[in-house]
2 protein chains.
Amino acid sequence: MSKKYVIGVDFGTLSGRAVLVEVDSGNEIATAVKDYAHGVMDKYLPDGKTRLGNDWALQHPDDWMRVFTETIPAVIREAGINTSDVIGIGVDFTACTIMPVYMDGTPLCLTDKYKSNPHAWPKLWKHHAAQEEANRLNAIAFERGEKFVDRYGGKQSSEWAVAKVMQIVNEAPEIYDEMDRFIEAADWVTWQLTGIEKRQICTAGYKGIWNKRDGYPSEEFFRVLHPKLENYVEDKLSSELLPLGAKAGEISEKASKLTGLMLGTAVCVGNVDAHVSVPAVGITEPGKVLLIMGTSTCDILLGTDEKIVPGMCGVVEDGAMPGYFAYEAGQSCVGDHFNWFVKNCVPALYENEANERNIDIFKLLEEKAAKLKIGESGLLALDWWNGNRSVLVDADLTGLIIGCTLATKPEEIYRALIEATAFGQRMIIETFENSGVPINEVYACGGITSKNDFMMQIYADVLNKDIKIAASNQTPALGAAIFATVAAGEERGGYDSVYSAAKAMGKVKDKYFKPIESNVEAYNKLFAEYRILHDFFGRGGNDVMKRLKKIKEEANNAG
Amino acid sequence: MSKKYVIGVDFGTLSGRAVLVEVDSGNEIATAVKDYAHGVMDKYLPDGKTRLGNDWALQHPDDWMRVFTETIPAVIREAGINTSDVIGIGVDFTACTIMPVYMDGTPLCLTDKYKSNPHAWPKLWKHHAAQEEANRLNAIAFERGEKFVDRYGGKQSSEWAVAKVMQIVNEAPEIYDEMDRFIEAADWVTWQLTGIEKRQICTAGYKGIWNKRDGYPSEEFFRVLHPKLENYVEDKLSSELLPLGAKAGEISEKASKLTGLMLGTAVCVGNVDAHVSVPAVGITEPGKVLLIMGTSTCDILLGTDEKIVPGMCGVVEDGAMPGYFAYEAGQSCVGDHFNWFVKNCVPALYENEANERNIDIFKLLEEKAAKLKIGESGLLALDWWNGNRSVLVDADLTGLIIGCTLATKPEEIYRALIEATAFGQRMIIETFENSGVPINEVYACGGITSKNDFMMQIYADVLNKDIKIAASNQTPALGAAIFATVAAGEERGGYDSVYSAAKAMGKVKDKYFKPIESNVEAYNKLFAEYRILHDFFGRGGNDVMKRLKKIKEEANNAG
């Protein structure tokens with residue numbers, strides 16, 4: 001029998017990427033990337049006339065389709081295989097990226113009638129213009145004692161589906177009335193491959209307030225949010241939700257023409273870029289947390305029960321792996337921290353040195369910071385440059401650095417910021433452990449993990465746990481491919497379950513990061529200080545950060 | 001009668017400066033500066049072989065003499081006057097800059113026998129190698145309940161005379177035995193002009209633990225410090241101390257040859273660079289504080305009684321102006337703060353902009369920072385980059401910045417640091433006021449005050465007081481000249497008192513800084529937050545700064 005292959009397609013914020021993967025080994029045979037022509041639309045609609053408001057972020061569905069039509073043929077061509085050996089395809093998407101469509105799947109934004117209405121377009125995950133709606137949603141849910149509140153760490157984000165649909169109802173009720181479906185991009189793109197609308201539980205659970213046992217919130221709840229929303233679930237969503245790895249359908253005639261894939265090739269239900277990565281590093285069981293590290297860090301962790309963990313973003317039964325409760329948590333500012341620092345705080349002297357030596361400025365800082373002993377700088381930071389969206393769930397907290405002297409050097413501040421994110425990560429892990437969700441092992445993926453050994457060793461030392469690093473540089477696409485083997489099924493050369501697929505295809509590097517005992521001890525001392533400051537400024541000891549933020553707002557409003 | 005003149009000579013850390021001043025108007029007619037050939041010796045003795053220890057800082061007496069021999073003829077030449085019209089000369093010096101000499105004034109360091117012994121050389125004010133001695137001194141004084149302790153804010157500095165002589169006794173007892181006199185440079189240079197040893201109360205009071213009513217500490221106290229020191233006061237000091245403005249003597253034949261001044265010209269007793277500035281801005285009465293602003297800020301303030309004020313560096317009766325108690329206080333890190341920031345934290349982008357526009361980087365930062373509204377950055381700092389040597393008297397405190405976000409810009413941090421030093425200044429002023437020493441008006445001198453209007457306006461707004469700026473750019477030299485007119489006396493064309501001299505010759509600029517009411521209110525809010533953090537971290541709420549410093553020391557000691 002010839003070798004079998006699957007394709008995973010990862011839709012990111014600025015581009016989409018297809019990876020062709022060998023089913024038996026998980027080896028990645030070919031990759032192709034397609035940038036979105038429209039990128040993130042945050043100023044104007046494609047008509048070039050219609051201005052968008054502050055904090056808006058939209059995308060163009062055509063850009064996504066072009067990922068299919070260009071990257072799928074490209075990887076098949078590059079690999080030099082027969083499409084008959086491609087047994088399945090799966091996708092993952094940023095979430096909540098969501099849009100209004102007609103019953104046949106046509107996006108409202110692609111119609112002449114609505115193309116100049118901003119609310120007709122897909123709202124990207126980082127569309128932040130529905131904050132007022134989110135506040136209202138949270139206040140009402142809290143007041144009514146809605147059961148779902150605790151499952152989301154007490155707060156629904158303005159990035160999620162209900163806040164976004166509330167914004168449509170408030171600002172463009174005609175769009176709400178007109179749309180037949182309000183659908184996650186993850187589900188819409190699979191629909192374009194199969195011709196049938198199918199949804200999955202991952203986005204519904206984490207972004208749409210759906211729960212396996214309780215379903216969606218009640219009609220009454222939605223009516224209180226807005227009278228028009230009373231029948232939102234029944235009218236605009238699809239009641240059937242498939243588990244992850246389920247077959248959404250098969251490649252349609254239309255999709256076959258567009259992509260070159262054979263009619264009937266299995267198409268897996270969609271998935272979310274973070275959650276889809278879990279099997280790609282071989283995680284199939286509880287006790288192992290995956291850190292998806294980038295500008296921010298997203299933590300995904302399997303558990304056997306539903307526990308209420310302070311600061312988690314969500315817990316969804318079967319949300320990442322069938323049979324387990326998957327917890328999502330994370331830090332809102334990791335790589336962003338370092339980017340901020342490099343942009344705003346690195347002196348010309350250092351830039352010049354990096355230029356002369358022809359190395360990256362991050363490399364130079366790392367080199368200098370690596371020479372410091374733990375605690376040598378006397379610095380400690382609270383990693384709240386973008387608020388605290390983890391244990392404390394408080395966007396109004398701000399960053400702090402303490403211990404500065406006239407001898408403080410840039411690399412010392414840089415290292416203190418890295419350490420602060422590691423301490424923040426430790427707070428999350430300890431909070432899970434203290435809430436009855438044990439964590440024995442740490443896995444990490446994302447560009448930073450393979451580029452920055454220095455940082456990963458700090459994490460291992462601070463967390464006092466081994467850290468295994470994803471072998472793949474395109475973990476989400478590999479994860480989507482793994483789920484596609486399950487959708488294809490064993491009889492067509494795939495796998496019978498995500499577990500067996502993950503065991504065979506998920507991989508970490510041989511080299512992993514082990515805590516160094518003396519470092520662990522040294523960091524324990526610093527973490528004790530971090531925790532005191534964290535609790536003091538984060539739990540009401542001194543609300544100076546909030547008062548300063550209020551003063552800041554007043555200053556800005558004063559004109 | 002022809003116009004009369006006086007010369008003030010200001011001995012700084014790196015150079016000396018003579019200013020020729022018109023007696024009736026205080027106008028500065030001519031200036032000459034002479035850099036010290038040896039500058040600050042902190043690595044080797046002039047023999048180029050003898051290494052100095054960490055934190056050592058010495059000077060060369062020949063460098064000082066060359067200031068006299070070069071700058072005095074230079075100002076007379078430049079002014080084109082007759083030396084017969086120069087009625088007096090006065091000096092001020094950094095303090096405590098102190099040295100061992102023989103009975104005839106010959107420095108031990110200028111003898112063949114001792115020239116290679118570091119302890120034979122003048123220890124500059126910022127010689128910091130006597131810290132252990134200072135610690136021991138403070139512990140003993142505290143334990144014995146010495147009355148003087150409170151007059152110095154609880155602590156004798158390692159920069160001062162007794163710690164320095166203790167170091168000599170400990171490390172070079174032969175030098176202690178050999179020296180006939182241990183003398184402040186301020187007194188030694190006047191001695192070189194007159195040929196007679198005369199000392200004044202300013203250095204004795206602030207640096208030598210002398211008090212007008214109690215004299216020096218007891219022999220018993222000195223014996224406990226070190227048996228050899230029992231007769232230190234009697235053996236190595238001079239018991240007679242003259243008031244400020246007193247005539248130390250007249251220009252000797254030798255000095256006349258060296259300087260060109262006429263035999264018999266009045267020579268005023270020495271003075272300290274900070275204290276001497278008080279009459280130069282026209283301050284002659286209580287309730288007015290002079291801020292001498294530079295890398296650090298020194299505050300001098302007159303009062304009618306001796307009060308114990310937390311954090312003051314010293315209170316000395318007649319210490320700056322006869323008839324009043326003069327308080328000294330200050331902040332250890334002001335200009336140093338901004339220099340640190342510019343060196344370590346300003347991105348290449350800003351450096352490039354400053355270069356392209358051909359402006360100073362400080363100017364660029366000021367320009368950007370000035371556009372910010374008060375509180376707009378959301379930042380607040382504790383100005384303890386060099387510890388807190390003011391109200392809290394705690395060198396182990398460190399700098400803090402709070403309120404950072406991903407949108408925080410360099411100019412916002414820069415402004416927060418300036419504001420923090422102003423808040424620190426307000427803490428000092430409020431502490432004086434709360435201790436019964438009223439402050440109605442603020443005067444300021446030092447380069448920064450005439451260069452940085454932006455900063456001075458912030459100070460006026462934060463302090464909610466008018467700030468008057470010294471008209472002279474060489475306030476200490478002008479002050480020394482003012483005292484010289486008193487030493488010369490009325491009958492020789494001078495003045496009968498420092499008061500009348502200061503009224504006639506001391507000056508501030510017409511332009512002064514007035515608090516702007518809305519700014520005052522805005523800063524009151526921020527200062528309230530500063531005070532909370534100041535007291536929390538500075539008074540034991542959370543000693544994290546000290547613990548981090550201890551961790552830092554341990555890390556460094558670990559090799």
Side-chain angles (χ1 to χ4, degrees), chain A residues 333 336-337 339-340 342-352 372-382 384-387 398-410 413 518 522 525-526 528-529 532-533 536-537 541-542 544-545 547-549 551-556 558-559, chain B residues 333 336-337 339-340 342-352 372-382 384-387 398-410 413 518 522 525-526 528-529 532-533 536-537 541-542 544-545 547-549 551-556 558-559:
Chain A
C333 180
D336 274 346
H337 239 120
N339 291 329
W340 171 82
V342 162
K343 190 172 162 205
N344 290 286
C345 308
V346 174
L349 202 69
Y350 282 47
E351 295 255 18
N352 295 344
L372 299 167
K373 283 169 276 187
I374 296 166
E376 181 185 336
S377 72
L379 294 176
L380 186 64
L382 287 177
W384 300 343
W385 264 245
N386 197 15
T398 54
L400 171 146
I401 187 155
I402 195 168
C404 302
T405 74
L406 290 175
T408 296
K409 307 292 294 170
I413 301 177
S518 58
K525 281 191 208 166
L526 287 176
E529 301 299 339
I532 293 171
L533 290 172
F536 181 71
F537 287 109
N542 180 355
V544 54
M545 291 170 180
R547 292 193 300 270
L548 287 173
K549 212 150 184 181
I551 289 171
K552 177 178 181 164
E553 275 161 27
E554 286 164 4
N556 281 320
Chain B
C333 180
D336 274 347
H337 237 118
N339 291 328
W340 170 83
V342 162
K343 190 172 162 203
N344 291 286
C345 308
V346 174
L349 202 67
Y350 282 47
E351 295 254 19
N352 296 344
L372 299 167
K373 282 169 275 184
I374 296 167
E376 180 185 338
S377 72
L379 294 176
L380 186 63
L382 287 177
W384 300 343
W385 263 244
N386 196 16
T398 54
L400 171 147
I401 186 154
I402 195 167
C404 302
T405 75
L406 290 175
T408 297
K409 307 293 294 170
I413 301 177
S518 58
K525 281 191 206 165
L526 288 175
E529 301 299 339
I532 293 169
L533 291 171
F536 182 70
F537 287 108
N542 181 355
V544 54
M545 291 171 180
R547 291 192 300 270
L548 287 172
K549 211 149 185 184
I551 289 171
K552 176 178 181 164
E553 275 162 27
E554 285 164 6
N556 280 321

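These numbers come from the heavy atoms of this one structure, side chains and all, not from hydrogens, waters or symmetry mates. Proteins come first, then strands; the chains are lettered A, B, ... in the order of their sequence lines, and each starts at number 1.
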Let me know if B:K549 has heavy atoms under 4.5 Å from chain A in its side chain, its backbone, both or neither.
neither
Could you tell me which non-hydrogen atom of A:P347 sits nearest to which non-hydrogen atom of B:N344, and how far apart they are?
CD-O, 3.3 Å
Top residue by heavy-atom pair count (under 4.5 Å) with chain B, among A:L349, A:N542, A:L548, A:L382?
A:L548
Restricting to non-hydrogen atoms, name the atom on A:I374 and the atom on B:A555 that form the minimum distance, rounded to 0.1 Å.
O-CB, 3.5 Å
If you measure from OG on A:S377 to CG on B:N556, what distance do you get to the nearest 0.5 Å?
10.0 Å
Closest approach of B:W340 to A:T405 (non-hydrogen atoms, all atoms of both residues):
NE1-O, 3.5 Å
Walk me through whether A:R547 and B:L380 qualify under side chain to side chain contact (heavy atoms under 4.5 Å, CB included).
CA-CA 11 Å; A:R547 292 193 300 270; B:L380 186 63; over 6 Å; no
For A:K525, enumerate each residue passing the side chain to side chain donor-acceptor pair (under 3.5 Å) test, keeping only those at least two apart in sequence or located in another chain.
B:E554
Honestly, the part of B:Y350 sitting under 4.5 Å from a heavy atom of chain A is neither
Please classify the contact between B:D336 and chain A as side chain, backbone, both or neither, with a heavy-atom cut-off of under 4.5 Å.
both
Contacting moiety of B:V544, where chain A heavy atoms sit under 4.5 Å
both
From B:K343 NZ over to A:K409 NZ, what is the distance, rounded to the nearest 0.5 angstrom?
5.0 Å
Contact origin within B:T408 toward chain A - heavy atom pairs under 4.5 Å
both
Using non-hydrogen atoms only, which part of B:E376 is less than 4.5 Å away from chain A: side chain, backbone, both, or neither?
both
Between B:L400, B:I401, B:I532, who has the most heavy-atom pairs with chain A when the cutoff is under 4.5 Å?
B:I401
Determine, step by step, whether A:N352 and B:E351 satisfy the side chain to side chain contact (heavy atoms under 4.5 Å, CB included) criterion, reporting the C-alpha distance in whole Å, the side-chain angles of both residues, the deciding distance to 0.1 Å, and the verdict.
CA-CA 12 Å; A:N352 295 344; B:E351 295 254 19; over 6 Å; no
Chain A contact via B:I551 - side chain, backbone, both or neither, heavy atoms under 4.5 Å
both
